[in-house]
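Right, one structure below, let's go through it.
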Amino acid sequence: MSVKVAMLGCGTVGGQVVRLLTEQSGDLAARIGDDVELTGVAVRRPNRHPDVPAHLITTDAAALVESDVDVVVEVIGGIEPARALLVQALRAGKSVVTANKALLAEHAAELFAAAESSGADLYFEAAVAGAIPLLRPLRESLAGDRITRVMGIVNGTTNYILSEMDSSGAGYAETLDEASRLGYAEADPTADVDGYDAASKAAILASIAFHTRVTAAQVYREGISSVTPADVAAARALGRTIKLLAICERVDSEGAEAVAVRVHPAMIPRTHPLAGVGGAFNAVFVEADAAGSLMFYGQGAGGAPTASAVLGDLVAVARNRVVGGRGPGESSYAALPVRPISRVDTRYHISLDVADRAGVLSSVASVFAEHDVSIAAVRQQGRTDDASLVIVTHSAPDEALRSTVDKIAGLPVVHDVVSVMRVEGEEQ
Ligand code: HSE
């Protein structure tokens, strides 16, 4: 008897999975306690996979899932047909390993229910932060702890673009063009630059960390397309840099515990460990009551790194089948409410061009007071005709901060709102 594996999809990640499965078959068999046999690879265009033995290639994914296989590995991406095929596999008792973050972030409940109905395994380490072991530590190693916050850089494309903007001072559009030319950005970069990819990953992280179902639609999302060279310069002037962060928090203000999940660009101190994460790398901070702070760092994308995570899951589910056990299922018992960004405490950096005359600072400051927003730091620099005013707030509900900025923008003494950016990674 061997563990029979079907693959759905064979692109950048799938090709590497097939290679590693073939090259390391002896070691994998020793680790699992049984041989692993790849019985089929379902693809859309059969003639595009010269490296895969021809007899394994099929275009009929549903028939492959239905065939006599133990494990289905899905690396097609997107919602359909992946959703239907994986539900079919799980209901039939086949273990599933998937790298599909969009699917997990939207349809986790349906997939876990299908897995539960048959007792099958559903593993998806590769869906978040590529090679970095992150979901298994959250799901298993930290299962005895109380996680309070997960914050990190989970999208390599946007991290590359922001790192380049920071070092060159160039604008967003030209940096994106360069990233596309060099192969760091996809032909259609929307999912990355508009934060959808990071929001899916944040939903998955929050669901596991807080034992609560969170979908991508519940994640507050802002991408990086509106980050300007003025924002980058303002951050630099204050010893900060801009990163697209995914932030999942347990919040217990307002007298009730809830979770808040958001993805947006934020200024962090250059001394913060996440500030040193350059190029296409990912890094995630986890804070837990007993464990304290943990940091996970590594390659968040790419064929071989992502295939490493897929293979790790494949070994785990194959071992479970060999010994007759099962990995952890969905844990959503806490069912905490998801709080909208408007009621989540954040901090803002606001950079303004203002008139340089008596009473200007006090009229700006009074708008903060009106909205019950406390100012943490102010820096004013006079120029010939006007002055640059930089204000960093203490934490306050995001809607109060937004309203403050809107009202300040309308003051006659304010000539220009140069930069508005949330601040993270330092004392409140
Ligand atoms: N496109 C993602 C990134 C990798 O740029 O990090 C896959 O999630």
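Both ligands and their constituent atoms are indexed starting at 1 by order of listing.
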Could you pull out every N or O of ligand 1 that sits under 3.5 Å from a protein N or O, with the distance for each pair?
from, atom 1, to, atom 2, distance (Å)
ligand 1, 1 (N), Asp192, OD1, 2.9
ligand 1, 1 (N), Asp192, OD2, 3.4
ligand 1, 5 (O), Asn155, ND2, 3.4
ligand 1, 5 (O), Gly156, N, 3.4
ligand 1, 5 (O), Thr157, N, 2.9
ligand 1, 5 (O), Thr157, OG1, 2.5
ligand 1, 6 (O), Gly156, N, 2.6
ligand 1, 8 (O), Lys101, NZ, 2.5
ligand 1, 8 (O), Asp197, OD1, 3.1
ligand 1, 8 (O), Lys201, NZ, 2.7

Review point. Does a donor on one side chain and an acceptor on the other come within less than 3.5 Å for Thr158 and Asp192?
Key: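 No.
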
Check your understanding: Can a donor-acceptor pair be found between the side chains of Ser163 and Asp166 at a distance below 3.5 Å?
Key ->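 There is no such pair between these side chains.
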
**Study point:** Check against salt bridge (charged side-chain N to carboxylate O under 4.0 Å, His left out), Arg83 and Glu74
**Key:** CA-CA 10 Å; Arg83 186 202 61 82; Glu74 185 266 317; over 6 Å; no

**Study point:** Whether Tyr297 and Phe281 hold their rings parallel, tilted or perpendicular, with breakpoints at 30° and 60°
**Key:**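 Tyr297 and Phe281: parallel rings.
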
Point to revise | Positive for salt bridge (charged side-chain N to carboxylate O under 4.0 Å, His left out) with Glu424, one of Arg149, Arg347, Lys243, Arg240 | key: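 Only one of Arg149, Arg347, Lys243, Arg240 forms a salt bridge (charged side-chain N to carboxylate O under 4.0 Å, His left out) with Glu424, namely Arg149.
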
**Study point:** Close side-chain approach of Val18 and Asp51, heavy atoms under 4.5 Å
**Key:**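 Contact flag for Val18/Asp51 side chains = no.
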
